[in-house]
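Accompanying notes for the structure given below.
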There are 2 protein chains.
Amino acid sequence: MASGNAPLTGEMLIGATPVTGGGESLRAVNPATGEALDPVFGGATAADVERACALADAALIPYRETSLADRAAFLETIADNILKLDDALIERVMAESGLPRPRVEGERGRTVGQLRLFAELVRSGTWLDARIAPAQPDRKPLPRVDLRLRNIAIGPVAVFGASNFPLAFSVAGGDTASALAAGCPVVVRAHPAHPGTSALIGGAIRDAVAACGLHEGVFSLLQGPGNAIGQALVNDPRIKAVGFTGSRAGGLALMATAAARHQPIPVYAEMSSVNPVLLFPGALAERGAAIGEAFAAAVQLGAGQFCTNPGVILALDGPGVDAFIAGARAKLAESGAQTMLTAGIHAAYERQVGVFAGHSAVATLVRGGAPSGPHQAQAALFETDADSFLADPRLQEETFGPCSVLVRVPDMTMLRGIITAMEGQLTIALHLADADLPAARALLPVLEEKAGRVLVNGFGTGVEVSPAMVHGGPFPATSDGGSTSVGTLAIRRFLRPVCYQDMPQALLPDALRDGSTVPHDFVN
Amino acid sequence: MASGNAPLTGEMLIGATPVTGGGESLRAVNPATGEALDPVFGGATAADVERACALADAALIPYRETSLADRAAFLETIADNILKLDDALIERVMAESGLPRPRVEGERGRTVGQLRLFAELVRSGTWLDARIAPAQPDRKPLPRVDLRLRNIAIGPVAVFGASNFPLAFSVAGGDTASALAAGCPVVVRAHPAHPGTSALIGGAIRDAVAACGLHEGVFSLLQGPGNAIGQALVNDPRIKAVGFTGSRAGGLALMATAAARHQPIPVYAEMSSVNPVLLFPGALAERGAAIGEAFAAAVQLGAGQFCTNPGVILALDGPGVDAFIAGARAKLAESGAQTMLTAGIHAAYERQVGVFAGHSAVATLVRGGAPSGPHQAQAALFETDADSFLADPRLQEETFGPCSVLVRVPDMTMLRGIITAMEGQLTIALHLADADLPAARALLPVLEEKAGRVLVNGFGTGVEVSPAMVHGGPFPATSDGGSTSVGTLAIRRFLRPVCYQDMPQALLPDALRDGSTVPHDFVN
């Protein structure tokens with residue numbers, strides 16, 4: 001286990017202790033070269049999972065009652081420690097993910113910024129949702145009791161690192177940051193595709209735990225291949241919530257496990273979305289080619305490996321559609337193939353592109369540049385008609401990678417029908433000119449019901465970390481359509497309210513005492 | 001279907017239309033006399049469920065976008081209409097529940113007050129949780145997009161009437177009030193024990209829907225016996241959330257159905273709690289007998305048929321325990337038996353009291369007055385020791401009715417161990433003197449983790465409707481320990497956040513436009 005810039009050792013972290021797991025081991029593979037990377041990481045055994053959960057449970061009470069200032073400083077220390085990993089981190093991420101340097105540096109900035117945003121949120125105290133409703137002994141017909149409410153941490157949280165954001169949605173990503181902000185100890189199950197990155201970040205968190213004098217159980221990191229580690233983690237009775245970003249099959253498996261526990265627990269899984277892009281006639285007529293060019297850039301961001309990748313284009317039919325296609329075709333044809341995250345992801349991409357390419361109702365509009373190395377994705381834009389799209393669920397499924405299908409939609413009635421028939425989405429994007437506003441307005445309520453974020457004249461691929469962001473949406477975009485995994489609202493997933501009735505001042509938590517300086521609602 | 005003070009017809013409501021269900025029918029039974037009450041209510045068929053859900057779905061978009069003022073007025077009109085039912089309502093509730101007049105009148109006041117509180121909440125707009133983060137085109141390294149967020153209704157909600165609160169947790173109870181406040185159409189599955197009460201209240205809501213000019217699908221009421229109606233309702237793909245108060249077995253069945261849907265949905269089930277009462281040595285020494293007398297009153301409230309009934313007393317052993325027992329014994333021995341809600345509930349009570357009475361490690365401390373009519377519950381206080389209590393899960397289970405078990409606990413270590421071993425609770429009550437504060441303070445974090453509400457020197461049976469109330473708690477108290485079914489926070493269960501990115505003012509909802517007068521966070 002790396003501390004500072006020490007070399008990677010192949011250990012994981014059970015609390016503060018580096019441990020070489022005795023389970024099945026793994027090595028990372030550089031997807032750009034196919035070469036295996038050192039060191040070998042020992043995989044967690046059931047006993048390792050058990051010890052990590054026991055430590056997290058032991059850490060819960062001391063950690064959830066740390067002061068707002070101390071907890072905020074802890075999150076900031078993690079951010080500082082990540083930056084101190086410097087180029088060793090960037091290079092390891094690049095080697096394990098095939099992602100280019102600017103993207104990795106940007107993602108590091110996002111990760112650090114996210115930790116700092118949650119530190120600021122913790123310090124504000126607003127997330128406590130404190131309420132003070134003092135007694136009214138003279139109320140008729142019955143006296144009013146003294147009631148006070150605050151949020152507390154739900155308990156130890158299991159976080160699953162995601163393959164596609166080795167930093168921002170992994171060991172110190174949004175799930176971990178929001179759970180730690182809520183006062184929950186975290187046990188991370190590292191994604192097997194980037195064990196070295198996970199170990200480096202895990203060391204940064206472990207060092208912050210130590211530097212801030214916290215209970216070591218606040219953080220553990222489990223390494224290893226396969227599903228057994230995650231299943232054991234979600235089954236542990238001390239785990240009280242789960243954060244996951246990944247495949248639909250993976251999310252559904254965790255949901256089933258969590259629901260079957262003696263004490264069922266919430267799973268916040270972000271799983272599957274095709275992020276429909278709606279092209280309105282006015283916008284197409286005005287700037288069809290430009291939208292097509294912008295689309296071509298968006299669909300290839302990160303080799304199309306974004307949860308918010310634009311996978312379906314619903315174009316209201318008309319002459320502007322050809323301009324869109326021409327713009328997209330020109331840009332895609334000249335684009336280079338990009339290395340995907342893993343051999344498995346690349347194989348799945350090839351398989352799903354094959355479904356489109358071999359489909360009798362689907363035409364291939366353009367393919368991107370051919371691969372020049374292993375595991376490279378060749379971008380693809382397909383076309384089908386509305387009836388065929390509606391008739392075949394395979395055409396509506398997410399293809400993880402730089403692939404999209406354009407559907408020619410005859411009219412607004414059909415567009416509404418398609419949206420209504422589709423599953424829940426993270427994002428829906430509309431391209432509009434002024435003339436399109438009335439039609440868009442009429443459609444908007446249907447869009448709000450289908451997606452967590454509705455956006456205009458852009459693509460969903462950028463996910464701003466903000467108090468006003470929703471990175472969520474109805475199933476199967478997420479397992480809980482009322483939640484978000486990005487932005488300050490993400491903390492809500494890991495909190496539960498507790499009410500204190502007629503409690504002496506000496507027993508009340510600081511935030512609820514008379515004269516509390518923490519923001520609170522006073523109920524007359 | 002009754003409108004105003006018209007006689008009951010045995011119909012249910014599919015939207016505005018009174019319908020005599022073609023399924024298995026039922027009649028209410030007066031538990032105090034055993035006599036069947038007119039009229040016969042036709043039971044809902046699968047087709048009735050389907051039509052109610054289709055109407056609710058059709059009502060969703062128009063209803064969820066009603067103005068804050070209009071929606072608040074609707075809730076207030078329901079409250080007014082309930083009061084207009086006057087004594088016909090009170091008498092029907094008494095006949096169907098065996099509950100005495102003062103309790104029923106009090107519950108009506110609570111129900112009406114709850115609707116008015118949610119009207120006030122709707123009008124405030126705070127539940128929208130609106131956030132406006134305007135664009136920053138000059139931000140480096142990337143411009144900031146314009147992001148705005150508000151909550152919207154999750155969709156049509158299925159509400160299950162509870163047996164034990166025929167008004168406050170039934171057709172127009174907390175689940176319905178909070179779902180309607182959130183903008184969700186509601187389909188109520190009436191509790192089979194009080195179809196006439198349900199029909200009267202249903203008529204009051206239906207009349208309010210009409211008077212306020214709302215889509216008829218905003219409210220439907222399904223009648224009938226058995227589990228098939230509720231299962232069909234929770235399985236309907238248009239239903240997006242479930243509110244339930246009832247038995248553990250019933251709640252678990254709905255949770256399983258909801259989790260197995262193609263699109264899983266949240267179930268907010270309030271199920272099972274024994275509401276431990278902790279008696280500390282100082283309080284016992286100071287006023288043991290008085291606490292015992294107060295306990296005897298609390299355990300018999302509503303014939304013990306409160307979710308918050310004090311079912312387990314954990315008394316730190318010492319001389320004060322005998323004073324507590326003496327006080328409780330005197331009051332319980334002189335109490336009369338009370339009619340329970342249904343023959344089935346009474347039979348279950350007798351069965352569970354029999355488990356205690358026949359248990360080798362349990363002593364009977366006192367029984368209340370003997371029954372003088374059908375379905376009357378004879379109160380019971382039992383005693384056991386800490387080891388026996390821990391060893392037998394049956395002694396830790398909820399007994400629905402005026403029954404409690406006192407556990408002599410040798411010391412604080414054992415008390416902590418018992419609390420830790422117990423399941424989640426709605427409430428935990430502490431009886432304290434000043435000398436007990438240090439011990440209570442040390443125990444508090446464990447209590448917070450086990451219960452939604454921790455209260456001092458009282459019993460949990462009164463549940464104030466307040467912004468600071470939590471009527472919830474970790475499983476199995478509720479299916480979702482992060483939620484409450486009483487108080488303004490209950491609205492959160494039926495909301496989901498939506499983010500609007502770079503949306504023209506003309507498309508934005510009123511609450512998010514520049515210059516909005518709805519309370520919102522402005523994000524710089």
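Small disclaimer: the values here were computed from a predicted structure and weren't measured. Chain letters run A, B, ... following the sequence lines, proteins first and then strands; every chain starts at 1.
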* Does any heavy atom of chain B fall under 4.5 Å from the side chain of D502(A), the backbone, both, or neither of them? -> both

* Is there a side-chain contact (heavy atoms from CB on, under 4.5 Å) between T126(A) and D521(B) once you walk through the steps? -> CA-CA 12 Å; T126(A) 53; D521(B) 278 356; over 6 Å; no

* **Residue pair L432(A), L507(B): steps toward the side-chain contact (heavy atoms from CB on, under 4.5 Å) verdict** => CA-CA 11 Å; L432(A) 304 174; L507(B) 286 187; 3.7 Å; yes

* Asked: Is the backbone N or O of Y500(A) less than 3.5 Å from a side-chain atom of R453(B), with the two atoms forming a donor-acceptor pair by type?
  -> no

* Answer yes or no: is there an ion pair linking K240(A) with E449(B), defined by an N-O contact shorter than 4.0 Å? => no

* Under 4.5 Å heavy-atom distance to chain B, tell me which part of R148(A) shows up: side chain, backbone, both or neither. => backbone

* **Contact class of H471(A) relative to chain B, heavy atoms under 4.5 angstrom** => neither

* **For F475(B) against H262(A), the heavy-atom pair lying closest together** => CE2-O, 3.0 Å

* **salt bridge (charged side-chain N to carboxylate O under 4.0 Å, His left out) evaluation trace for E448(B) with R150(A)** => CA-CA 11 Å; E448(B) 292 171 324; R150(A) 68 160 179 169; 2.8 Å; yes

* Structure fact -> Ranking D434(B), V454(B), V523(B) by heavy-atom pairs under 4.5 Å to chain A gives rank one to V454(B)

* To do: Report yes if some heavy atom in the side chain of L147(A) is under 4.5 Å from a heavy atom in the side chain of V470(B); otherwise report no.
  => no

* **Residue pair L437(B) / P504(A), side-chain heavy-atom distance below 4.5 Å** => yes

* Asked: For chain A, which residues from residues 127-137 of chain B lie under 4.5 Å away (heavy-atom distances)?
  -> D129(B), R131(B), A133(B)

* **Contact leader toward chain A among P474(B), G482(B), A468(B), G106(B), where contacts are heavy-atom pairs under 4.5 Å** => A468(B)

* Measure the CG-CG distance between L508(B) and L444(A) for me, rounded to the nearest 0.5 Å. => 8.5 Å

* Name the region of S466(A), side chain, backbone, both or neither, that has any atom closer than 4.5 Å to a heavy atom of chain B. => side chain

* Residue by residue, which of residues 492-499 of chain A have a heavy atom closer than 4.5 Å to a heavy atom belonging to chain B? -> R492(A), L495(A), R496(A), P497(A), V498(A), C499(A)

